[in-house]
Amino acid sequence: MEGLYVHIPFCKTICAYCDFVKEAAKPQKQRVYVEALKKELFERSDKFASLKTVYIGGGTPSHLEVFDFEEVLRALRKRVPQALDEFSVECNPEDVRPELLETLKKYGVDRISLGVQTFKESHLRLLNRTHGPKDVENAVKRLRWHGFDNVNVDMMFAIPGQTLREVEEDLARVLALDVEHVSYYSLILEENTRFHRLYERGELSLVDEETEGTMYETVIDTLSDAGYTHYEISNFAKNGKECRHNLAIWKDGDYGGVGAGAHGKHDGHRRHNPERVRDYTNALQRGEDCCEIYPYEAKRDTLLMGLRLLKGIDLDEFASRFQTDLFKEYPELSKMIEKGLLKVEDRRLSFTRKGLLLGNEVFMIL
């Protein structure tokens with residue numbers, strides 16, 4: 001496998017929009033989880049010899065006590081001693097303190113992803129985020145001081161009540177940070193979230209589709225004009241700083257996943273760990289294989305993942321790998337070309353600008 005994802009499912013507070021595997025847990029439960037995670041790392045380590053990237057996400061990895069986080073990093077480095085092309089960790093801005101950064105540097109972490117979402121304080125409160133705009137600026141300064149030269153900020157548009165002007169103001173603040181990578185996602189109303197419950201009760205109004213589309217185009221144009229390469233639907237990079245871990249997944253590479261709710265794909269199968277922290281830790285404590293295995297649909301996954309990339313899918317590579325023509329396998333793609341959502345240029349299938357705005361219409365038919 002090329003990459004390894006490590007899931008830390010703990011947060012200080014639960015964001016109103018988030019449906020990832022997470023919970024607000026006391027330190028003792030977190031320590032039990034760390035011990036289970038170390039055990040799984042040991043049991044899966046026979047697959048780690050060819051790892052090129054590691055990504056620690058959540059939840060909020062930086063919410064762990066530094067002592068517990070170092071336990072995870074030490075166990076990981078025992079199993080993955082080789083130099084990596086990229087070692088990423090997600091952090092909340094308010095958690096970026098010298099002690100944490102020194103620990104991350106000690107174990108070879110070289111890429112930090114900050115969960116920012118927006119700079120407007122009223123929207124941060126609505127999202128139930130616990131940082132403020134100044135925390136973001138201070139976090140980036142501390143990262144630079146400690147020698148981190150590959151920083152991502154996660155941003156969000158179409159927040160309930162957000163205006164186009166506010167998106168433009170957020171973009172100006174992002175550009176002022178001069179970070180290497182920006183991930184800019186549209187809010188998705190997910191089940192089992194506070195936003196979904198409020199919406200069902202008629203207590204939350206969403207941004208209309210036309211405004212959302214204009215916001216997305218503004219994000220694309222502003223970041224592109226500022227020198228960022230738009231290389232994936234929601235991701236922008238400067239100076240060749242594309243996220244190598246995610247790129248390998250979008251290009252249908254093999255990757256492993258450890259921790260509660262973590263997914264992986266290798267040995268011709270997809271794998272999924274239990275989502276409840278208690279179920280995960282109990283299984284590891286009992287010495288059980290907690291991983292559920294389910295089929296990997298190679299052609300469909302290659303198509304779905306490849307279309308996320310702005311370069312799209314190489315039609316000749318697809319034909320060579322699967323001994324079939326992509327359009328014979330998925331004739332509905334031709335209809336999407338006729339509608340102006342997809343295009344073929346230089347033997348590559350990719351989204352048009354219109355298709356980027358209406359991508360779900362394509363993904364829903366595949």
### Query
Could you go step by step and tell me if Phe363 and Phe351 meet the ring pair (Phe, Tyr, Trp, His ring centres under 6.0 Å) rule?
CA-CA 11 Å; Phe363 289 128; Phe351 277 114; 5.7 Å; yes
### Message
Evaluate His245 against Arg111 for side-chain contact (heavy atoms from CB on, under 4.5 Å), listing each step before the verdict.
### Response
CA-CA 11 Å; His245 181 83; Arg111 184 177 185 271; over 6 Å; no
#### Entry: Worked verdict on Leu164 versus Glu168 for side-chain contact (heavy atoms from CB on, under 4.5 Å)
CA-CA 6 Å; Leu164 178 59; Glu168 293 170 341; 4.0 Å; yes
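To the nearest 0.5 Å, atom CD1 of residue Ile112 and atom CG of residue Leu100 are 7.0 Å apart. Going from atom CG of Asp325 over to atom CG of Asp316 covers 9.5 Å, rounded to the nearest 0.5 Å. The distance from the CZ atom of Phe67 to the OG1 atom of Thr103 is 11.5 Å, given to the nearest 0.5 Å.
With salt bridges taken as basic N to acidic carboxylate O contacts below 4.0 Å, none links Lys120 and Glu169. A salt bridge links Glu70 to Lys106: at least one charged side-chain nitrogen sits closer than 4.0 Å to a carboxylate oxygen. Here Glu71 pairs with Arg74 in a salt bridge; the nearest charged N to carboxylate O distance falls below 4.0 Å. A salt bridge between Glu332 and Lys335 is absent, with no side-chain N of the basic residue lying under 4.0 Å from a carboxylate O of the acidic one. Note on Glu200 versus Arg197: no salt bridge recorded, every NZ/NE/NH1/NH2 to OD/OE distance being 4.0 Å or above. Ion pairing of Asp135 with Arg129 is absent here, as no side-chain N (NZ or NE/NH1/NH2) approaches a carboxylate O to less than 4.0 Å. With respect to Lys39 and Glu43, a salt bridge is recorded, a charged nitrogen being found less than 4.0 Å from a carboxylate O. Salt bridge Arg270/Asp301: present, at least one basic N to carboxylate O contact under 4.0 Å. Electrostatic pairing of Asp221 and Arg353 counts as a salt bridge here, judged by a charged N lying under 4.0 Å from a carboxylate O.
As a member of the Ile/Leu/Val/Met/Phe/Trp/Tyr network built from side-chain separations under 4.5 Å, Tyr55 groups with Tyr5. The hydrophobic cluster of Ile188 has no other members, since no ILVMFWY side-chain heavy atom comes under 4.5 Å of it.
For the ring pair (Phe, Tyr, Trp, His ring centres under 6.0 Å) test, residues two or more places apart in sequence or in another chain that qualify with Phe10 are Tyr33. Residues passing the side chain to side chain donor-acceptor pair (under 3.5 Å) test with Arg144, sequence neighbours excluded: Glu180. Legend: residues meeting salt bridge (Lys or Arg N to Asp or Glu O under 4.0 Å) with Arg31, ordered by chain and number and at least two apart, are Asp68.
If you check the side chains of His123 and Glu166, you find a donor sitting under 3.5 Å from an acceptor. Donor-acceptor pairing under 3.5 Å is recorded for the side chains of Asn273 and Glu40. Looking only at atom types and distance, the side chain of Tyr296 has a donor-acceptor partner in the side chain of Asp252 under 3.5 Å away.
With a 6.0 Å radius and a threshold of 12 heavy atoms from other residues, nucleotides or ligands, Glu99 has its CD atom at or below the threshold. The environment of Lys12 atom NZ is sparse: at most 12 non-hydrogen atoms of other residues, nucleotides or ligands sit within 6.0 angstrom.
Of the candidates Thr130, Thr13, Asn92, Asn92 is the only one forming a side-chain contact (heavy atoms from CB on, under 4.5 Å) with Thr60.
Listed by first then second residue, pairs satisfying ring pair (Phe, Tyr, Trp, His ring centres under 6.0 Å) with a partner in residues 154-199 read Phe157-Tyr216, His181-Tyr231, not counting sequence neighbours.
The shortest heavy-atom contact between Arg77 and Phe87 is NH2-CD1, 3.9 Å.
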